[in-house]
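Notes follow once the structure below has been shown.
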There are 4 protein chains.
Amino acid sequence: MNVELKKIDEVSGAGGEKYQRILDAAVEVIAERGYFNSPVSAIAKRAGVADGTIYLYFKSKDDVLRTAIDSTFEKFYRKVVDAFVTLDAPREQLEYIAQVHLESHSVNRSMAVLMQTEMRQSAKFIEEFSHHHLVKYIQMVREVVRRGQEQGIFRKDISDGVVAHCMFGAIDELLSSAVFTGREYDARNTASQVIDVLLNGIAAGK
Amino acid sequence: MNVELKKIDEVSGAGGEKYQRILDAAVEVIAERGYFNSPVSAIAKRAGVADGTIYLYFKSKDDVLRTAIDSTFEKFYRKVVDAFVTLDAPREQLEYIAQVHLESHSVNRSMAVLMQTEMRQSAKFIEEFSHHHLVKYIQMVREVVRRGQEQGIFRKDISDGVVAHCMFGAIDELLSSAVFTGREYDARNTASQVIDVLLNGIAAGK
Amino acid sequence: MNVELKKIDEVSGAGGEKYQRILDAAVEVIAERGYFNSPVSAIAKRAGVADGTIYLYFKSKDDVLRTAIDSTFEKFYRKVVDAFVTLDAPREQLEYIAQVHLESHSVNRSMAVLMQTEMRQSAKFIEEFSHHHLVKYIQMVREVVRRGQEQGIFRKDISDGVVAHCMFGAIDELLSSAVFTGREYDARNTASQVIDVLLNGIAAGK
Amino acid sequence: MNVELKKIDEVSGAGGEKYQRILDAAVEVIAERGYFNSPVSAIAKRAGVADGTIYLYFKSKDDVLRTAIDSTFEKFYRKVVDAFVTLDAPREQLEYIAQVHLESHSVNRSMAVLMQTEMRQSAKFIEEFSHHHLVKYIQMVREVVRRGQEQGIFRKDISDGVVAHCMFGAIDELLSSAVFTGREYDARNTASQVIDVLLNGIAAGK
DNA sequence: CATGAATGAGCGTTCATTCAT
DNA sequence: GATGAATGAACGCTCATTCAT
């Protein structure tokens, strides 16, 4: 894996930002038309390269999509990990995750569309994704929840796994709904609402 | 030859449930391989009919998928509406929706997989009907939430829309995760946990 | 051939005008949509019979078309032969042939369309037709021309074959043009014009 | 393998006349079997290219046929127009048209067959272009006839339209008959006979 | 005789991938 | 490296024909 990342860097070194151009073009085109309705030729055209050139940088059409998703998730993961260095409180950590997750919409709208659609197009793909990326997300949240439980901030009679899935699912659905309806929202504010529900529930107080 | 014909008759039982055999086969095959990786011929084979036979019952490949999803959701919707006749309390209503939603896994695992994948694709036809159904679900929950707010059971400072999406997303993700990891769960128990989180939050009490 | 005609009569005897209904329906449908765009099922529907029924009366879809054309031409041929019994003069005979040929448009417009289109759709079919029917037409005209030459009415320095083909072609093209443009014409008057050109030419008289 | 590649190169000569190879193959195959009985794969095979290659040069199967017919007629039309620059007399002009029309047989026998068959099919696209071309032919002749009438060479009591259709039909039928019976003829001589009939008629002089 | 559900070969077309240049 | 013409397998769908009823 490290090896592969290094190679990428080398390639994109010189004038080889063709690699990145192809990735971006793929995300855009696929977001607009769907994976199976996006011929490699359309991606190549958008990237401004010849069809065959794509195969100099990627093994297959599938590989382009996979790489784009992997790299997006990698960025998400790194951003969260970096912030955690100076962000200690479980509550704030959850809110930060929610916020970054929801921000993905505005950072790269095409990518957000793609993650809500193409990423889920086949059980096979999901199984892969579930194991590689989602699991990492869930782990992250579970650890935060467990730390909160240990600190007495969060209830101990609740499964951290269930909480983690609920949180991911809730945010993902809000994001998804915004993507499909074209609605805009304020990531910070929405994150705060979700965390409010998650922490305090909707039952009328006391 | 007679033997073979007899066998077919046995299989097809009453009369025209080739229609149903095709639907079931489609759901199975598409759940396994994805819509675009499931040739009509594969569906036909699984259903034990000739390729052309599918077009006696459906207008197109699209139509098969659409019909399968429509009918599944219709069943879900009706089940909930029926139960609501004798189930009044907002809290119980939410729990019932969660439970039926989670039960879909055991009722028809392939359909559950399919709902987690194909229903979200970007193809134009999804926008048409995926949303048609999801919107109905969200509406249902929003109404329950609003009634709870009016009755003073639920907090009034929270958007019913956000709550509805959170609930759907949380449950759907739990379902999805179970589907893809092959985990089993008890629908009633899981539903109760999710509703607990949703109503009371995870923050340690007072 | 006689045998086949007899059989047809027997079939159409009782309530078996299904045979004729199928022929008529085929001509109509094919005239409207073209042979290859006219499924047997469309012909059956128009005829008010089941698809399979057509195969009780005809060997194949091709056979229906062939039979319709054969029978139309047969009627034409008989009509001309009958009239010749009391119509002696070569000039009048030619004019009569032209008139009946041109009348086919009004007698059965669909059949006229079909003869101008589908009958010519493949070299194979034309070769058959050319040999079976057209040859008869040409022969008829050639004999009339030869008799006219013997009687000193027609020039002897002209090939009767060329004349016959010219006459058929000229009339057929007028008919065809009317069919395609939807124009109407008076068969008797048009026939008289064609024969005028054929007999007297268009050069200004001395 | 090298041998085979070399052979292909030899065949394809200069550069991109795959385009022409496909057109020629299409004309041949369609002339033999008819448009609807000529799968694209058969045309590709005859042209020595892969099925998909055809779609690099043409939009559809329809487009191949349309292009072939258009270009053939365009050549015919240009040849006539060019000759008219130095060919003034109406009589000679008619004879020239007849001759070029009849020569088409020897220039490209397959194309001649195709023009006698596919050009007249009922498919909608024929109405679009078959008539587009035929109308041009008829117009050309009508103008010549009218000029002849103005010059007092041709009778004025005869419709130029009828004459034009008669001439086209007569020649086309002679061509067609020769094509389908496999007969050969001398274009110049046959043209002269047809024009003789058209101008002077077959009635015995005075 | 008549039906029409069922078949499956065959079609036009697309597109991921290769490879000579 | 970069190109893009060429390939051909694969697809969704149609429809002539059959045959159990």
Side-chain angles (χ1 to χ4, degrees), chain A residues 11 14-16 18 35-45 48-64, chain B residues 1-2 5 8-9 12 15-16 18-19 36-45 48-64, chain C residues 11 14-16 18 35-45 48-64, chain D residues 1-2 5 8-9 12 15-16 18-19 36-45 48-64:
Chain A
V11 167
K18 257 170 194 163
Y35 181 74
F36 286 102
N37 290 317
S38 298
V40 168
S41 64
I43 296 170
K45 196 174 196 177
V49 301
D51 295 15
T53 303
I54 288 185
Y55 291 87
L56 297 175
Y57 293 94
F58 301 93
K59 274 200 300 289
S60 66
K61 185 185 171 188
D62 239 67
D63 189 34
V64 180
Chain B
M1 209 215 249
N2 276 333
L5 287 175
I8 286 170
D9 275 350
S12 59
K18 245 162 206 167
Y19 179 85
F36 286 104
N37 289 317
S38 299
V40 168
S41 62
I43 296 170
K45 197 173 198 177
V49 301
D51 295 16
T53 303
I54 289 187
Y55 293 88
L56 296 178
Y57 294 93
F58 300 93
K59 276 200 296 290
S60 64
K61 184 186 171 188
D62 259 40
D63 189 34
V64 181
Chain C
V11 167
K18 257 171 194 162
Y35 181 74
F36 285 101
N37 291 316
S38 299
V40 168
S41 63
I43 295 171
K45 196 174 197 180
V49 301
D51 295 15
T53 304
I54 289 186
Y55 291 87
L56 298 176
Y57 293 93
F58 300 93
K59 275 200 299 286
S60 67
K61 185 185 171 188
D62 239 67
D63 189 34
V64 180
Chain D
M1 207 214 251
N2 276 334
L5 288 175
I8 288 169
D9 275 351
S12 60
K18 245 162 205 165
Y19 180 85
F36 286 105
N37 288 317
S38 300
V40 168
S41 62
I43 296 172
K45 197 172 199 179
V49 300
D51 294 15
T53 303
I54 289 187
Y55 292 87
L56 296 177
Y57 294 94
F58 300 94
K59 277 201 296 289
S60 65
K61 185 186 171 188
D62 258 41
D63 189 34
V64 180

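Chain letters run A, B, ... following the sequence lines, proteins first, then strands; residues in each count from 1.
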**Message:** Quick check: closest heavy atoms across C/Asn37 and D/Phe36, and the distance to 0.1 Å?
**Reply:** ND2-CZ, 4.4 Å

**Asked** What's the OH-P distance between D/Tyr19 and F/dA5, to the nearest Å?
**Response** 16 Å

**Request:** Could you list the residues that satisfy side-chain contact (heavy atoms from CB on, under 4.5 Å) with C/Asp62, not counting sequence neighbours?
**Result:** C/Tyr35, C/Ser60, C/Arg66

**Message:** Could you tell me how far apart B/Lys45 (NZ) and E/dA9 (P) are, to the nearest whole angstrom?
**Reply:** 13 Å

**Non-hydrogen atoms of C/Ser38 and C/Ile43 that approach each other most closely** = O-CD1, 4.4 Å

**Asked** Along nucleotides 14-19 of chain E, 5' to 3', which nucleotides get a B, which get an S, and which get a -, given that the test is a protein heavy-atom distance under 4.0 Å?
**Response** BSSBB-

**Message:** What is the distance, to the nearest angstrom, from the CD1 atom on D/Ile43 to the P atom on E/dC11?
**Reply:** 11 Å

**Request:** Report the residues that fulfil ring pair (Phe, Tyr, Trp, His ring centres under 6.0 Å) with B/Tyr55, sequence neighbours left out, ordered by chain and then residue number.
**Result:** none

**Message:** Going by side-chain contact (heavy atoms from CB on, under 4.5 Å), name the residues that satisfy it together with B/Val49, two or more places apart in sequence or in a different chain.
**Reply:** B/Lys18, B/Arg21, B/Ile22, B/Ala44, B/Ala47, B/Thr53, B/Ile54

**For atom CD1 of C/Ile54 and atom P of E/dG4, their distance in whole Å** = 13 Å

**Request:** Report the secondary structure of DNA chain E in dot-bracket form, marking unpaired bases with a dot and bases paired to a different strand with |, and treating Watson-Crick or G-U pairs with both distances under 3.5 Å as paired.
**Result:** .||||||||||||||||||||

**Asked** Want to settle it: does C/Val49 or B/Ala50 sit nearer the 5' end of DNA chain E, counting the closest nucleotide to each?
**Response** C/Val49

**Item:** Side-chain N,O (D/Lys18) to OP1/OP2 (F/dA5) below 4.0 Å
**Value:** no

